[in-house]
Peer 1: 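Here it is, the structure, as C-alpha cells.
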Amino acid sequence: MSSKFGRVFMAISGMVMAGVAIAPASAQAAAKLPPLGKTVWPLAYNKSYCAYNQGRTRAIKVQLSGKLQYTRTVEKFNKNIRVMFHDPAVVDPKLSVTVLTKCSNGKKVKIDRIFAVQSWYAWKCGNISVSVKSPWGKERSNTFKCKNQVPVAYRRGDTRKGSALAWNEKGKKASWNWGSSGKSIGQNGKICMNLDVYTETTGDAIPGRAFDVCVPASYKAKP
C-alpha cells in the first residue's frame, strides 16, 4: 500500500514458544492445563506517543487501543489433552490524533487537515489470509517489516479544519485465518504483533513509529 500521504503498518500473528501444549489426560491438573472446551479471549492493547513535525512548530499526540481477540480450544487428542489457539482478530479499535503546541502540557492547535493510517499484517511476514469489515480494507502490500508484499488489513482516515482526528469502532474489524487446527503455543507463550503508525498534518509528514505488542496465550480457566 502506498500513497502520497504515507503508510502505516501493524502486524499480528502467533509467536509459537518452546514447548508443545499436549499432556496426558491424567496429568491435566498437574500440568495446570485449562478445562476442556472453547473460550474466546479479548485482551486489551494500548499504545501512545507524541512526535514533532520537522520544523518543531507543533506536536502530534497519537493514541491507539482496542482488543486482540482469539479463540482457545482445549480438547482430548487420542489419550492426551491438547491446547490450541485460533484466528486472532482486531476488535473495538480506537485511534485518536491530537495536534498540540508541544508534547508536554501543550495547547490544541487547529489546522487544515489531519490524516492517519493504521495497518495490520502477520507476524514475521507470514502469508496469512485476512478478512475485514467496513470501513477497513485489505490488499497485498509492501510494509515496513517485510521485503515482499503480504496480506494487509488497513484503516485510513482524515479530518478537515480541526485539532483532532478520532475513530472508535465496535466489533471485529480484521481477523487472520490460522486454519482449522490453529496453533499450539506453550504455557507462558504469547500472541504478538508489530504496530507501526503513520500520521500527516497540513504540509507535514510525521515519521512513522513501530511497536511490538504482545498478549498472553492464556492457560487460565476463564477470560
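Computed from a predicted structure; not experimentally measured.
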Peer 1: Report the residues that fulfil side-chain contact (heavy atoms from CB on, under 4.5 Å) with Ala217, sequence neighbours left out, ordered by chain and then residue number.
Peer 2: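 So Ala217 forms a side-chain contact (heavy atoms from CB on, under 4.5 Å) with Phe85, Ile185, Ile191.
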Peer 1: Residues two or more places apart in sequence or in another chain: which of them pass side-chain contact (heavy atoms from CB on, under 4.5 Å) with Pro42?
Peer 2: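 Pro42 satisfies side-chain contact (heavy atoms from CB on, under 4.5 Å) with Lys67, Gln69 only.
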Peer 1: Would you name the heavy atoms of Val83 and Pro34 that are closest together and state the gap between them?
Peer 2: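 Minimum heavy-atom separation between Val83 and Pro34: CG2-CD, 4.2 Å.
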Peer 1: Any side-chain heavy atom of Tyr121 within less than 4.5 Å of one from Gln149?
Peer 2: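 No, side chains not in contact.
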Peer 1: For residues 109-169, pull every pair meeting disulfide (SG to SG under 2.5 Å), keeping only residues two or more places apart or in separate chains.
Peer 2: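 Listed by first then second residue: Cys125-Cys146.
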Peer 1: Residues two or more places apart in sequence or in another chain: which of them pass salt bridge (charged side-chain N to carboxylate O under 4.0 Å, His left out) with Lys147?
Peer 2: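 Lys147 satisfies salt bridge (charged side-chain N to carboxylate O under 4.0 Å, His left out) with no residue once adjacent residues are dropped.
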Peer 1: Which residues pass the salt bridge (charged side-chain N to carboxylate O under 4.0 Å, His left out) test with Arg58, not counting sequence neighbours?
Peer 2: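 Expected list: Asp204.
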Peer 1: Of all the heavy-atom pairs spanning Ala51 and Arg209, show the shortest one and how long it is.
Peer 2: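 Scanning both residues, the minimum pair turns out to be CB-NH2, 3.8 Å.
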Peer 1: Sequence neighbours excluded, which residues qualify as side-chain contact (heavy atoms from CB on, under 4.5 Å) partners of Arg56?
Peer 2: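 Listed in chain order: Tyr52.
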Peer 1: Between the side chains of Arg140 and Asn148, is a donor N or O closer than 3.5 angstrom to an acceptor N or O?
Peer 2: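 The criterion, which ignores hydrogens and geometry beyond distance, is not satisfied for Asn148 and Arg140.
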Peer 1: Do the non-hydrogen side-chain atoms of Val90 and Ser175 ever get within less than 4.5 Å of each other?
Peer 2: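 Not touching, per the 4.5 Å side-chain cut-off.
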Peer 1: Check the pair Lys76, Ile81 against side chain to side chain contact (heavy atoms under 4.5 Å, CB included), reporting the backbone distance first and the verdict last.
Peer 2: CA-CA 5 Å; Lys76 292 183 179 180; Ile81 299 297; 4.0 Å; yes
Peer 1: Taking the side chain as every heavy atom from C-beta outward, state whether Ile206 and Asn53 have any pair of such atoms under 4.5 Å apart.
Peer 2: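 Yes, at least one pair of side-chain atoms sits under 4.5 Å.
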Peer 1: Do the side chains of Ser129 and Trp176 get nearer than 4.5 Å, heavy atoms only?
Peer 2: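 No, too far: nothing below the 4.5 Å cut-off.
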Peer 1: Under the criterion side-chain contact (heavy atoms from CB on, under 4.5 Å), which of Thr159, Asp158, Thr202, Thr199 is the partner of Ile114?
Peer 2: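 That would be Thr159.
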Peer 1: Please give me the minimum heavy-atom distance between Cys214 and Lys190, naming the atom from each residue.
Peer 2: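 Looks like CB-CD, 3.9 Å.
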Peer 1: Donor-acceptor pairs under 3.5 angstrom involving side-chain atoms of residues 93-103: please list them, not counting sequence neighbours.
Peer 2:
| from | atom 1 | to | atom 2 | distance (Å) |
| --- | --- | --- | --- | --- |
| Ser96 | OG | Gln63 | OE1 | 3.4 |
| Thr101 | OG1 | Lys107 | N | 2.9 |

Peer 1: Looking only at heavy atoms, what is the nearest atom pair of Ala153 and Val132, with distance?
Peer 2: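 That closest heavy-atom pairing would be CB-CG1, 3.6 Å.
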Peer 1: Check the pair Val91, Leu68 against side chain to side chain contact (heavy atoms under 4.5 Å, CB included), reporting the backbone distance first and the verdict last.
Peer 2: CA-CA 6 Å; Val91 178; Leu68 296 183; over 6 Å; no
Peer 1: Apply side chain to side chain contact (heavy atoms under 4.5 Å, CB included) to Val74 and Arg72, showing your working.
Peer 2: CA-CA 7 Å; Val74 186; Arg72 186 193 70 196; 3.8 Å; yes
Peer 1: Once side chain to side chain donor-acceptor pair (under 3.5 Å) is applied, do any residues pair with Thr73, and if so which ones, sequence neighbours excluded?
Peer 2: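 With sequence neighbours excluded, Thr73 shows a side chain to side chain donor-acceptor pair (under 3.5 Å) to His86, given in chain and number order.
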Peer 1: Lys220: which residues meet the salt bridge (charged side-chain N to carboxylate O under 4.0 Å, His left out) condition with it, sequence neighbours left out?
Peer 2: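 Here no residue qualifies.
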Peer 1: Would you indicate whether the side-chain heavy atoms of Thr71 and Asp87 approach each other to under 4.5 Å?
Peer 2: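 Not touching, per the 4.5 Å side-chain cut-off.
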Peer 1: Linking I/L/V/M/F/W/Y whenever any side-chain heavy atoms sit under 4.5 Å apart, do Tyr45 and Val40 land together?
Peer 2: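 No, it is not one cluster - the side chains of Tyr45 and Val40 are not joined through contacts under 4.5 Å.
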Peer 1: Taking atom CD of Glu200 and atom CZ of Phe115, what is their separation to the nearest 0.5 Å?
Peer 2: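 Atom-to-atom, Glu200:CD and Phe115:CZ are 7.0 Å apart.
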Peer 1: For the residue pair Trp41 and Tyr70, does the interplanar ring angle fall in the parallel (under 30°), tilted (30 to 60°) or perpendicular (over 60°) class?
Peer 2: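 If you compare the ring of Trp41 with that of Tyr70, the planes turn out parallel.
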Peer 1: Nearest 0.5 Å please: distance from the NZ atom of Lys138 over to the OH atom of Tyr154.
Peer 2: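 These two atoms lie 11.0 Å from each other.
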Peer 1: Mind checking what makes side chain to side chain donor-acceptor pair (under 3.5 Å) contact with Lys47, not counting sequence neighbours?
Peer 2: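 Per chain and number, Lys47 pairs via side chain to side chain donor-acceptor pair (under 3.5 Å) with no residue.
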Peer 1: CH2 of Trp167 to CD of Gln118: how many Å apart, nearest 0.5 Å?
Peer 2: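 It comes to 5.5 Å.
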Peer 1: Would you call Trp120 and Val152 a side-chain contact if the rule is heavy atoms closer than 4.5 Å?
Peer 2: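 Of all side-chain heavy-atom pairs linking Val152 with Trp120, none is under 4.5 Å.
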Peer 1: Measure across Ile128 and Ala122 and return the closest heavy-atom pair with its distance rounded to 0.1 Å.
Peer 2: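 What the structure gives for the nearest pair is CD1-CB, 3.8 Å.
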Peer 1: Which pairs, with at least one residue in residues 160-172 and sequence neighbours excluded, count as a salt bridge (charged side-chain N to carboxylate O under 4.0 Å, His left out)?
Peer 2: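 Sorted result for residues 160-172: Asp112-Lys161, Arg155-Glu169.
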Peer 1: Test of understanding: with side-chain contact (heavy atoms from CB on, under 4.5 Å), list the residues that count as partners of Asn46, not counting sequence neighbours.
Peer 2: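 Here the qualifying residues are Ala44, Ser65.
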Peer 1: Verify, without hydrogens or angle tests, whether Asn78 (side chain) and Asn80 (backbone) share a donor-acceptor contact under 3.5 angstrom.
Peer 2: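 Looks like no, no N/O pair under 3.5 Å.
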Peer 1: Would you check if Val150 and Asn127 make a side-chain contact, meaning some heavy-atom pair closer than 4.5 Å?
Peer 2: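 No; the side chains remain at least 4.5 Å from each other.
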